[in-house]
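Residue numbering restarts at 1 for every chain, and letters A, B, ... go by the order of the sequence lines.
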Number of protein chains: 2
Amino acid sequence: MMTSVDTELIRVLGDPLRLRIVTLLARETLCTSHLVEETGAKQTNLSNHLKVLREAGVVETEPCGRFTYYRLRPEVIAQLADQFADLAESARNAAENKRACP
Amino acid sequence: MMTSVDTELIRVLGDPLRLRIVTLLARETLCTSHLVEETGAKQTNLSNHLKVLREAGVVETEPCGRFTYYRLRPEVIAQLADQFADLAESARNAAENKRACP
DNA sequence: CGGTGGCATCAGTAGCCACTGATGTGAGAG
DNA sequence: CTCTCACATCAGTGGCTACTGATGCCACCG
């Protein structure tokens, strides 16, 4: 219920390129070169963002020979969705709560 | 369905203080001085963040004499929750899609 | 009508972070 | 073994932004 939203996770997803990556990975599991091709970003840049996403627990890696596949972790996104849903419901219920002017 | 997540909205909510404000406003409608008192932040700083939240459509204002009440817009948060839920579901369905190594 | 309190705006600053080029590492191909 | 390719790491830099102090504006109180 009173699960406050994870600030760090939102901050991580707040970057346009990272959100782009997450959106792409929501459709299929890809490796870095695919992401380079899809986004047009440099490999170094993507590697940095993927590291951030990995450390935030948003994606997980699966080595495949020389390649590294990145897979999105749906539970993390789903949990975030639930947290926002809770927040929205809380806001709806408290619509008429108004603290008196001091 | 394929509603991509609004980057700007997430970026706005990615700031710790702004998320704090949103969480507080999810419980009750407050005016600036209440938020100063709750968060311990300076009035100027809060005013800046509230402006950002207002321009992003997250909150709306209701003047009450000399005071300005801020109310959270639940629809915006709910829509965001839906977008993340869609993303999570999409990721679950595409769990086994893996593009071939180039 | 002056004074006060609530809030917005302005200009300046410091810190963070996204992006880049160069380099390191490790697996596969030949 | 050597070369190549996929990817990670490192160090440097520019731009954005959160925060601050000063000031302006407006509504209410006396």
Side-chain angles (χ1 to χ4, degrees), chain A residues 6-25 28-72 98-102, chain B residues 5 7-25 28-72 98-102:
Chain A
D6 185 351
T7 310
E8 181 58 16
L9 181 56
I10 306 179
R11 201 190 59 77
V12 165
L13 295 178
D15 181 80
L17 184 50
R18 280 198 289 262
L19 190 62
R20 184 92 207 288
I21 294 171
V22 167
T23 304
L24 287 170
L25 292 180
E28 51 182 345
T29 297
L30 298 170
C31 55
T32 311
S33 53
H34 290 138
L35 291 169
V36 169
E37 173 182 336
E38 291 285 342
T39 63
K42 308 257 180 178
Q43 178 263 327
T44 302
N45 193 13
L46 276 176
S47 193
N48 284 330
H49 283 299
L50 287 168
K51 181 180 182 179
V52 173
L53 289 171
R54 205 184 325 136
E55 287 176 347
V58 179
V59 303
E60 54 190 7
T61 63
E62 181 190 349
C64 172
R66 297 183 296 170
F67 304 92
T68 304
Y69 276 100
Y70 283 89
R71 187 190 314 123
L72 189 60
K98 188 184 292 185
R99 191 182 296 190
C101 302
Chain B
V5 185
T7 310
E8 181 59 18
L9 182 56
I10 306 180
R11 201 191 60 78
V12 163
L13 295 178
D15 181 81
L17 184 49
R18 280 198 288 262
L19 190 62
R20 184 94 207 287
I21 294 171
V22 167
T23 305
L24 287 169
L25 292 180
E28 51 182 342
T29 296
L30 298 170
C31 55
T32 310
S33 53
H34 291 138
L35 290 169
V36 169
E37 173 182 336
E38 292 284 342
T39 63
K42 309 256 180 177
Q43 177 262 328
T44 302
N45 194 14
L46 277 176
S47 193
N48 284 330
H49 283 299
L50 287 168
K51 181 181 182 178
V52 173
L53 289 172
R54 203 185 325 135
E55 288 175 348
V58 179
V59 302
E60 55 189 6
T61 61
E62 181 190 348
C64 171
R66 297 182 296 170
F67 303 93
T68 304
Y69 276 98
Y70 283 89
R71 188 191 314 122
L72 188 60
K98 187 184 292 186
R99 190 183 296 188
C101 302

ask   = side chain to side chain donor-acceptor pair (under 3.5 Å) between B:Arg99 and A:His34: does it pass, once the steps are laid out?
value = CA-CA 8 Å; B:Arg99 190 183 296 188; A:His34 290 138; 4.7 Å; no
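To the nearest angstrom, P of C:dA18 lies 4 Å from CZ of A:Arg18. Taking atom CG of A:Asp15 as the reference point, atom P of C:dC16 lies 18 Å away to the nearest angstrom. Between the CD atom of B:Glu8 and the P atom of D:dT17 there is a distance of 8 Å, given to the nearest Å. Computed from coordinates, the A:Lys51 NZ to C:dA18 P distance equals 13 Å when rounded to whole Å. Put simply, CG on A:Leu50 is 13 Å from C1' on D:dA6, counting in whole angstrom units. One interatomic measurement links the two molecules: OH of B:Tyr70 to C1' of C:dC7, which rounds to 8 Å at whole-angstrom precision. Between A:Leu30 atom CG and D:dA6 atom C1' the separation is 15 Å, expressed in whole Å. Atom P of nucleotide D:dC10 and atom CG of A:Asn45 are separated by 17 Å, given to the nearest angstrom.
Residue contacts shown for B:Ser33 are limited to sugar-phosphate atoms, with no base heavy atom under 4.0 Å away.
Residue order along DNA chain C, read from the 5' end via each residue's closest nucleotide, puts A:Lys42 first among A:Lys42 and A:Arg66.
At D:dC7, none of the side-chain N or O atoms of A:Tyr69 fall inside 4.0 Å of OP1 or OP2 (strictly under the cut-off). The phosphate of C:dC16 has neither OP1 nor OP2 within less than 4.0 Å of any side-chain N or O from A:Arg11. Note on A:Thr32: a side-chain N or O is less than 4.0 Å away from OP1 or OP2 of D:dC7. An OP1 or OP2 oxygen of C:dC19 is reached within less than 4.0 angstrom by a side-chain nitrogen or oxygen of A:His49.
Taking both residues in full, the closest heavy atoms of B:Cys31 and B:Phe67 are given as SG-CD2, 4.2 Å, listed atom of the first, atom of the second, then distance. In terms of heavy atoms, B:Val22 sits closest to B:Leu53 at CG2-CD2, 4.1 Å.
Side-chain to base pairing of A:Thr44 with C:dA22: one donor and one acceptor N or O lie within less than 3.5 Å of each other. Put simply, the side chain of A:Gln43 and the base of D:dA6 share no donor and acceptor less than 3.5 Å apart.
Under the 3.5 Å distance criterion, the side-chain polar atoms of A:Ser47 are left unmatched by any main-chain donor or acceptor of A:Gln43.
B:Arg71 and B:Glu62 are joined by a salt bridge, as a carboxylate oxygen and a charged side-chain nitrogen come within less than 4.0 angstrom of each other.
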